[in-house]
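Notes follow the structure.
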4 protein chains.
Amino acid sequence: MPRLAKEQLEQIHKERKIQIAQAATKVFAKHGIAGTKMSMISQAAGISHGLLYHYFNSKDELFTSLVKSAIETSTTEIQKLIEWTGGTPLEKIKLLTESIIDEDGAPFFQLLHIARNSKDVPDEVKELLTNYSLDFYIKQLFPLFKEGQENGQMVEGDTAELIAAYFTVLSGVMVLGDGYPLPRPELLLRILIKP
Amino acid sequence: MPRLAKEQLEQIHKERKIQIAQAATKVFAKHGIAGTKMSMISQAAGISHGLLYHYFNSKDELFTSLVKSAIETSTTEIQKLIEWTGGTPLEKIKLLTESIIDEDGAPFFQLLHIARNSKDVPDEVKELLTNYSLDFYIKQLFPLFKEGQENGQMVEGDTAELIAAYFTVLSGVMVLGDGYPLPRPELLLRILIKP
Amino acid sequence: MPRLAKEQLEQIHKERKIQIAQAATKVFAKHGIAGTKMSMISQAAGISHGLLYHYFNSKDELFTSLVKSAIETSTTEIQKLIEWTGGTPLEKIKLLTESIIDEDGAPFFQLLHIARNSKDVPDEVKELLTNYSLDFYIKQLFPLFKEGQENGQMVEGDTAELIAAYFTVLSGVMVLGDGYPLPRPELLLRILIKP
Amino acid sequence: MPRLAKEQLEQIHKERKIQIAQAATKVFAKHGIAGTKMSMISQAAGISHGLLYHYFNSKDELFTSLVKSAIETSTTEIQKLIEWTGGTPLEKIKLLTESIIDEDGAPFFQLLHIARNSKDVPDEVKELLTNYSLDFYIKQLFPLFKEGQENGQMVEGDTAELIAAYFTVLSGVMVLGDGYPLPRPELLLRILIKP
DNA sequence: TATGAATGAGTCTTCATTCAT
DNA sequence: CATGAATGAAGACTCATTCAT
């Protein structure tokens with residue numbers, strides 16, 4: 001058996017899987033779990049619904065894998081930002097905000113919103129979400145915000161509450177979707193900036 | 001021969017209908033249209049699924065009626081606030097924000113969010129929403145915000161954009177639901193206040 | 001307890017029952033068993049559906065009683081005609097034909113047609129129909145037709161077949177209902193008359 | 001990749017659809033619309049009820065398509081007979097009668113009878129039936145009957161009435177179904193023949 | 001008697017999933 | 001790997017029947 005062909009096939013398989021996942025993320029993000037039909041995903045991915053099952057065993061597994069990778073990505077991204085040493089805390093937060101708003105951060109937030117609110121979420125996802133809740137992000141971002149408060153750029157007060165509020169506002173805005181215009185980052189940042 | 005007067009029966013009927021509508025609002029708000037099963041509503045209302053159909057002809061009609069009354073209520077509430085002459089614009093906006101956050105404004109925003117984002121929304125609702133979009137609220141609130149800007153309490157700049165941003169943030173926060181803590185109004189209002 | 005009142009009440013009860021039965025016959029005749037809703041009957045009878053159950057225990061019982069009385073009536077009518085001694089056989093058959101066509105014989109035939117063709121007919125009705133099938137009417141009418149053939153007025157040939165044919169045609173025409181114009185008896189009788 | 005050519009698949013699909021339609025025709029013809037359950041049809045066709053919906057979108061659509069093709073077939077058949085030039089009018093009518101009685105003309109007539117008498121008929125069917133009523137057949141057959149009257153074979157009198165009567169009798173007989181023996185064509189034709 | 005609210009079994013329809021080709 | 005026919009569990013909705021008033 002030709003080894004190279006095999007690897008190529010695996011490569012193709014992996015790429016196709018990613019392509020399907022991207023299509024699926026958008027569909028789930030917009031329509032919810034129950035509102036998303038497997039046929040909608042297969043159509044969005046340009047394949048037959050039967051083929052979907054060569055890549056994912058079930059709707060549940062597909063959704064679970066999307067949530068998993070969303071959490072992983074976000075964790076990594078935030079971590080990279082934290083460790084980056086090229087600006088003031090406020091600048092970093094602005095960067096974070098902009099990157100979320102600019103790119104397609106929306107499906108990510110929408111996906112998590114759905115995962116948190118649906119009743120028919122796979123158990124595995126439920127467990128994931130207990131670990132990666134708001135508290136998790138507060139912990140990650142705490143040093144950054146604390147520093148911002150201490151250097152006088154950001155408003156004083158309970159740091160955790162501030163992070164929670166900002167993250168909530170950001171999540172909310174992202175969750176809304178097309179019907180609403182995304183506010184400019186400057187407007188959102190006013191929540192944090194010391195007058 | 002009915003022991004109770006016709007009017008009494010109608011009264012009971014109306015009250016029961018409202019009670020069902022309240023239960024249904026919460027369920028739809030949390031689970032979306034497709035995610036909401038009629039059995040979930042009937043259970044939430046404490047009745048059999050069959051009885052649901054004595055009060056609403058179909059899931060679609062039920063959902064439509066909820067959206068209708070949500071729009072009516074919100075329009076009236078805002079209008080009352082506008083016409084009230086007891087405070088500065090900023091105080092009024094604070095009151096509006098608080099009343100939304102405090103009471104059960106959440107289901108209302110969640111319902112409209114769902115109505116705006118689901119694909120299987122009844123046509124009647126689609127039409128309603130074209131009329132009662134963000135622009136509608138911007139128009140309603142414009143004088144209030146304009147006045148706030150002119151009296152120096154609120155930040156300058158494009159009034160419509162400011163309203164849109166504030167309303168978006170508020171909507172987003174309300175849509176998120178239980179998983180996130182509602183920020184204190186003061187934090188949100190910072191978006192508007194002149195430093 | 002006033003005796004007279006009691007009898008009056010029973011009288012009223014009986015009359016109401018007949019009135020309901022008449023309404024029900026028409027509805028069943030037109031819409032079939034499955035197509036007939038108890039609410040359609042109650043509405044046709046001008047009462048609430050609840051009250052229906054004071055007069056008939058169930059839809060099945062109601063339908064069964066209608067079929068029973070239809071069979072009884074028809075048997076009696078034909079018997080009366082046979083025993084009547086005022087005309088030639090052909091005249092009698094013409095009378096029979098006219099009386100069926102003129103009065104509301106249609107619901108009767110339609111009811112029996114339905115009883116014969118529906119799968120969800122009560123067992124009691126199924127049994128009744130095995131006894132009162134076409135053969136039953138052939139037997140009843142045999143002497144009349146035989147006499148008509150022997151006196152030269154009617155076509156010769158297998159008497160039973162002739163009766164069956166005529167009765168079938170008559171039944172068929174009656175079953176059709178409103179969409180078709182009822183043929184004049186003279187036209188139908190041509191099937192029987194000797195040229 | 002499909003092993004069978006696209007055309008073959010379509011061919012199979014079409015054949016299966018026809019097979020289902022034939023099964024459905026019989027079931028509807030016997031039990032009426034309300035009395036026909038989709039499970040009865042799927043069972044008669046030897047498939048699962050779910051598969052039914054790959055071929056027909058709904059019970060209504062299925063019924064409508066049956067009525068459509070019944071009307072088409074009958075129109076074509078009659079037209080062919082009219083245009084055929086191989087016999088006297090009476091012979092043609094006899095042929096028509098025989099062909100209706102012999103083959104499975106019964107389900108066709110029963111289907112139309114049901115379509116005409118049910119209240120829950122799809123609107124499309126209602127419209128079809130206004131166009132293809134008795135009058136339509138009278139118009140089609142008028143030349144044939146007129147000729148038969150003029151050449152002295154058939155009874156005189158109002159041609160349209162004669163056609164109506166004959167068609168009504170024929171329809172009625174066909175509608176009755178299994179419970180009654182189909183009369184020999186000769187007996188029915190006596191309605192038309194000049195003594 | 002009379003009404004209509006209430007229940008739940010039964011039917012239509014959708015869609016996740018399987019599998020022959 | 002790729003397709004779409006096929007299945008059946010689940011959910012929306014109807015309606016016969018019961019029962020409190």
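Letters A, B, ... are given to chains in the order of the sequence lines, protein chains preceding strands, and every chain is numbered from 1. Bear in mind the structure is a predicted one, so any value in this text is a computation, not a measurement.
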Looking for any heavy atom pair under 4.0 Å, which part of the strands does B:Ser42 touch: base, sugar-phosphate only, or nothing? nothing
Picking from E:dA6, F:dT3, E:dC12, the nucleotide nearest the side-chain atoms of D:Met38 would be E:dC12
Of the listed nucleotides (E:dA2, F:dT3, E:dA5), which one gets closest to any side-chain atom of B:Tyr55? E:dA5
Rounded to whole Å, the CD1-P distance (C:Ile41 to F:dC15) equals 13 Å
Counting only N and O atoms by type, is there a donor-acceptor contact under 3.5 Å from the side chain of D:Lys59 to the main-chain atoms of D:Phe56? no
Look at atom CD of D:Glu127 and say whether more than 12 heavy atoms of other residues, nucleotides or ligands are closer to it than 6.0 Å. no
Distance in angstrom units between C:Gln19 CD and E:dA2 P, rounded: 10 Å
Rounded distance in Å - CD (A:Glu61) to P (E:dT17): 10 Å
What about B:His54, does its side chain sit under 3.5 Å from the base of E:dA6 through a donor-acceptor pair? yes
Indicate yes or no: at least one non-hydrogen side-chain atom of C:Leu129 is less than 4.5 angstrom from one of C:Leu112. yes
Hey, does the side-chain of D:His49 have a donor or acceptor N/O within less than 3.5 Å of a partner on the base of F:dA6? no
Would you call the rings of B:Phe28 and B:Phe63 parallel, tilted or perpendicular if under 30° counts as parallel and over 60° as perpendicular? perpendicular
Decide yes or no on side chain to side chain donor-acceptor pair (under 3.5 Å) for B:Glu15 and B:Gln19, but give the supporting numbers first. CA-CA 6 Å; B:Glu15 281 168 13; B:Gln19 168 212 340; over 6 Å; no
How close or far is atom P of F:dA2 from atom CZ of A:Phe56, stated in whole angstroms? 14 Å
Under 4.0 Å: is that the gap between some side-chain N or O of D:Arg16 and OP1 or OP2 of F:dA6? yes
Atom-pair distance (CG on B:Leu51; P on F:dC19), nearest Å: 16 Å
How long is the line joining CG of C:Asp120 and P of F:dC15, in whole Å? 14 Å
Please report the distance, rounded to the nearest Å, between NZ in D:Lys59 and P in F:dT14. 13 Å
Extract the stems that DNA chain F is part of, considering only consecutive pairing runs of at least three Watson-Crick or G-U wobble pairs, both distances under 3.5 Å. E:2-21 with F:2-21
Starting the side chain at C-beta, find the nucleotide from F:dA6, F:dC13, F:dT3 nearest to A:Ile47. F:dT3
Side-chain atoms of C:Tyr53 come closest, of E:dC12, F:dT18, E:dA2, to F:dT18
Neighbour count >12 (heavy atoms, 6.0 Å) for atom NZ, B:Lys126: yes
Need to verify one output field. Residue with the more 5' nearest nucleotide on DNA chain E, A:Asn57 or D:Ser58? D:Ser58
Mind calculating the distance between NZ (A:Lys37) and P (F:dA9) to the nearest angstrom? 19 Å
Pick the nucleotide of DNA chain F nearest each of D:Leu52 and B:Gly50; which residue has the one closer to the 5' end? D:Leu52
Without swapping roles, check the side chain of D:Ser42 against the backbone of D:Ser39 for a donor-acceptor pair under 3.5 Å. yes
For the side chain of A:Lys30 and the backbone of B:Ser118, is there at least one donor-acceptor N/O pair under 3.5 Å apart? no
